[in-house]
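All remarks here apply to the structure that follows.
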Amino acid sequence: MSKQHWIGDVRAGSHDGAEVELKGWVHRTRGSNKIWFMVLRDSTGLVQCVIKRDGVGDDTFEELSTTLIESSVIVRGVVESTDREHGHEVQVSSGEVVGRVNPERPFPITESAMAEADGGETEFLLDNRHLYLRTGRMTTMLKLRSTLFGAIHSYFRDRDFIEYHAPNFVAGAVEGGSTLFEVPYFGRKAYLTQSWQLYAEAAAPALERLYTIAPSFRAEKSRTRRHLTEYWHAEMEVAWASNADIMEYGEGVVRHIAKTLLDESSDELSELGRDLELIASYADSAYPRIRYDEAIETLQSKGVAVEWGQDLDYSKEKVLTADFDVPHFITHYPRIAKPFYHRPDPDEPKYVLCHDLLAPEGYGEIVGGGERTWSEKEILERIDEEGTPREPYEFYIDIRRYGGVPHGGFGLGVDRVCAWLSGADHIREVIPFPRDSRRVTP
RNA sequence: GCCGACAUAGCUUAGUUGGUGGAGCGGUGGACUGUUAAUCCACAGGUCGCAGGUUCGAGUCCUGCUGUCGGCGCCA
């Protein structure tokens, strides 16, 4: 390997008393004309390197002490255990600058730029996102995000799910047509996918248990801390499954994510200011379930103006969520409030067999799913009552014509779960290059 | 689509009833042998978002535009 020593190992004491060669970026500097302190960063952490004029000679001292923040450097020296800030220091014996930052264009992300923007969401920091990525808070968030994605994969793979991929260019909608991104496609119109679901249902008779983590696109002009136009969507589909079965998986994967973050990224959670006890309660608690009708009664008893049949918007979700310390499900929405692919309850056909999982702390809906309309007769009835044209959904109807079985699945907003569990103020904090209705750069 | 804010140096910002725009950080030069956002001295850096208007005089008041941010609807 071209890089053999990592700052994280230095900090862990693995190299005490030994010579190391550190490759990294200048985080901060301070010093005098005889001794210079360079705090070096690599992907594993920060460590202070001590450069003494007597020890390295005038030329090296000048070269290293004139580097600006975010210059890339290589330094060699002996690791010394100390009582000072990082617990370890490198006494530099030699070193050189690899990529020097031009003083006419110093690194623009300064302490002052970050001081007033706790979550890093100022216009300036969003414009300089490509540079902001390498600052502490963003790096920590990206590590946490990686653990979270890994937890979703391990949850499904440990349960014999097959990872399965759907196209991103599609011809039809899953949700309402107004939120589709239209793209030119060799003289025709195509759209960016909103969901993997319809294509997953096609593979359910082949794979029975399947999942994915993929981007979904929604052309919503939403300006909230919960919305992106391009977001990461973890979806699953299971043959021979009921709404209750799917909810078990939904609760299971969210609790597994919380547990995995505690096991593998507790340092990152703490650095982001998250209370580990709180995350543990998300991992260990059962998630309460209430029916839509109960939710309406609760809202009405609290004086919220809402009528049966209305979908529950965010203002109402917030009122409901205030009663719960952990995520909770709302099930059995009115048939008229949900799209055709939700299966009506055979016992009470004015409801559909579906569920939403609402995160606590105001983070909104994180999972939506349910049992699918799975017979040919029922799907045609649902499509017609909605007034949706049948033609674009012929392939979807075909799935029912050839050995349809009860099945269901859910979609989980990965970025939303990441925002919730990390305690982010805004969903943009948890994705490297956020996309919303007003920003596609950098 | 709707509602509400904001726009001053590279960044963060002060700017009083309208009277020649200041500071901190960052940068440059200098001092300093153990600093922790090091400290101290000096210097450079501004079309006050754009276009009109009121006024003897506009960063400040008015109108329009542009951009950005926050929230709602919709959703994961």
Side-chain angles (χ1 to χ4, degrees), chain A residues 27-39 46 48-55 61 66 68-70 80 82-86 89 91 101-117 121-128 131-132 136 174-179 194-197 213-235 250 254 310-318 337-339 356-359 363-369 410-420 425-428 436-439:
Chain A
H27 178 69
R28 294 292 182 268
T29 62
R30 45 194 169 250
S32 66
N33 63 355
K34 299 284 173 56
I35 181 169
W36 196 254
F37 304 96
M38 172 187 284
V39 179
L46 299 172
Q48 177 161 278
C49 301
V50 184
I51 301 150
K52 291 176 177 161
R53 191 182 283 276
D54 291 347
F61 189 87
T66 55
L68 298 187
I69 287 173
E70 290 307 321
E80 195 175 84
T82 127
D83 295 336
R84 299 179 216 282
E85 193 177 9
H86 300 127
E89 276 182 351
Q91 298 294 333
V101 171
N102 181 347
E104 288 175 16
R105 296 182 67 99
F107 192 66
I109 315 290
T110 59
E111 295 286 349
S112 60
M114 295 186 289
E116 296 295 317
E121 298 309 316
T122 63
E123 179 190 352
F124 173 77
L125 291 177
L126 288 166
D127 285 341
N128 289 280
L131 302 177
Y132 185 58
V174 176
E175 310 290 344
S178 62
T179 63
Q194 295 175 309
S195 170
W196 163 96
Q197 178 195 324
I213 307 177
S216 281
F217 306 89
R218 304 222 172 150
E220 293 158 355
K221 289 186 181 172
S222 304
R223 298 204 47 75
T224 80
R225 58 188 64 195
R226 307 178 308 284
H227 284 86
L228 296 167
T229 52
E230 174 183 348
Y231 68 97
W232 286 81
H233 207 175
E235 298 184 86
V254 173
Q310 277 184 284
D311 210 350
L312 302 174
D313 60 42
Y314 181 66
S315 65
K316 300 180 184 68
E317 282 180 8
K318 258 197 305 200
K338 290 288 176 181
D356 287 348
L357 181 63
L358 305 185
Y363 285 92
E365 186 182 338
I366 50 174
V367 172
F410 65 70
L412 176 151
V414 183
D415 313 279
R416 276 195 189 170
V417 172
C418 196
W420 161 50
D425 290 330
H426 198 296
I427 196 167
R428 284 193 303 227
D436 64 32
S437 60
R438 294 190 192 175
R439 181 177 287 280

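Just so you know, these numbers use all the heavy atoms, side chains as well, and skip hydrogens, waters and symmetry mates. Lettering follows sequence order; numbering is per chain, from 1. All of these numbers come straight from a predicted model, not from anything done at the bench.
Taking only distance into account, the side chain of S222(A) meets the base of C74(B) through a donor-acceptor pair shorter than 3.5 Å. With hydrogens and angles ignored, a donor-acceptor pair closer than 3.5 Å exists between the side chain of K52(A) and the base of G34(B). Judged by distance alone, with hydrogens and angles left aside, E111(A) brings no side-chain donor or acceptor close enough to the base of U12(B) to form a pair under 3.5 Å. A donor and an acceptor atom never sit less than 3.5 Å apart when one is taken from the side chain of R439(A) and the other from the base of C69(B). Scanning atom types as modelled, no donor and acceptor separated by under 3.5 angstrom connect the side chain of S32(A) and the base of C32(B).
Going from atom CG of L131(A) over to atom C1' of C11(B) covers 13 Å, rounded to whole Å. Taking atom NZ on K316(A) and atom P on C75(B), their separation rounds to 12 Å, with Å as the unit. Summarising the geometry, the separation between CG on D311(A) and P on C75(B) is reported as 5 Å, rounded to the nearest angstrom. The CD-P distance, from E123(A) to C69(B), rounds to 6 Å in whole Å. Atom CD1 of I69(A) is separated from atom P of A37(B) by 13 Å (rounded to the nearest Å). Regarding Q310(A), its CD atom lies at a distance of 17 Å from the P atom of C72(B), rounded to whole Å. At whole-Å resolution of the value, CG in L126(A) and P in G67(B) are 17 Å apart. If you measure from atom CG of L312(A) to atom C1' of C72(B), you get 16 Å, rounded to the nearest angstrom.
Taking only side-chain nitrogens and oxygens, N33(A) never comes nearer than 4.0 Å to OP1 or OP2 of A31(B). Considering only side-chain N and O atoms, R223(A) lies under 4.0 angstrom from the phosphate OP1 or OP2 of G70(B). The phosphate of C25(B) (OP1 or OP2) has no side-chain N or O of R28(A) nearer than 4.0 angstrom. Regarding contacts with the backbone of G71(B), a side-chain N or O of R225(A) is found under 4.0 angstrom from either OP1 or OP2. The phosphate of G1(B) (OP1 or OP2) has a side-chain N or O of K221(A) nearer than 4.0 angstrom.
Counting all heavy atoms, side chain and backbone alike, F217(A) lies closest to Q194(A) at O-CG, 3.3 Å. Heavy atoms only, all atoms of each residue included: F61(A) and I51(A) are closest at CE1-O, 3.4 Å.
In RNA chain B, stems built from 3 or more consecutive Watson-Crick or G-U wobble pairs, each with both distances under 3.5 Å, span B:1-7 with B:66-72, B:10-13 with B:22-25, B:27-31 with B:39-43, B:49-53 with B:61-65.
Atom C1' of G21(B) sits at a distance of 8 Å from the matching atom of U8(B), rounded to the whole Å. Taking atom P in both C69(B) and U28(B), one finds a spacing of 32 Å when rounded to whole Å. C41(B) sits 28 Å from U47(B) when the P atoms are compared, rounded to a whole Å. Between the P atoms of G18(B) and C65(B), the separation comes to 26 Å (whole Å). When the C1' atom is used for both G30(B) and U12(B), the distance is 27 Å, rounded to whole Å. Separation of the P atoms belonging to A37(B) and C75(B) is 48 Å when rounded to the nearest angstrom. Distance noted for atom P between C40(B) and C50(B): 35 Å (whole Å). Annotation: U39(B) and U33(B) have their C1' atoms spaced 14 Å apart (nearest Å).
No side-chain donor-acceptor contact under 3.5 Å links Y363(A) and R225(A). For T224(A) and S222(A), the side-chain atoms include no donor-acceptor pair closer than 3.5 Å. Residues S437(A) and E220(A) have side chains that never bring a donor and an acceptor to within less than 3.5 angstrom of each other.
Taking the side chain as every heavy atom from C-beta outward, I213(A) and V414(A) approach each other to under 4.5 Å. Side-chain contact between I366(A) and L358(A): absent, with no pair of heavy atoms (C-beta onward) separated by less than 4.5 Å.
Under the 4.0 Å criterion applied to side-chain N and carboxylate O atoms, D436(A) and R439(A) are not assigned as salt-bridge partners. We find that E111(A) and R28(A) are joined by a salt bridge, their nearest charged nitrogen and carboxylate oxygen being less than 4.0 Å apart.
Residue P103(A) has its side chain nearest to U28(B) when only C69(B), A76(B), U28(B) are considered. When distances run from any side-chain atom of S112(A) to the nucleotides G24(B), G34(B), C69(B), the shortest one goes to G24(B). Checking C72(B), A76(B), G26(B) against the side-chain heavy atoms of K318(A) singles out C72(B) as nearest. Residue Q91(A) places its side chain closer to G34(B) than to any other of G27(B), C75(B), G34(B). Candidate nucleotides C69(B), U28(B), C74(B) were compared by shortest atom distance to the side chain of L68(A), and U28(B) ranks first.
Closest-nucleotide positions on RNA chain B for H426(A) and T229(A) were compared, and the one nearer the 5' end corresponds to H426(A). Place E80(A) and P108(A) on RNA chain B by their nearest nucleotides, and P108(A) ends up nearer the 5' end.
By the 5.5 angstrom centroid cut-off and the 30-degree plane limit, Y231(A) is classified as stacked against the base of A76(B).
With sequence neighbours left out, the ring pair (Phe, Tyr, Trp, His ring centres under 6.0 Å) criterion links W232(A) to F149(A).
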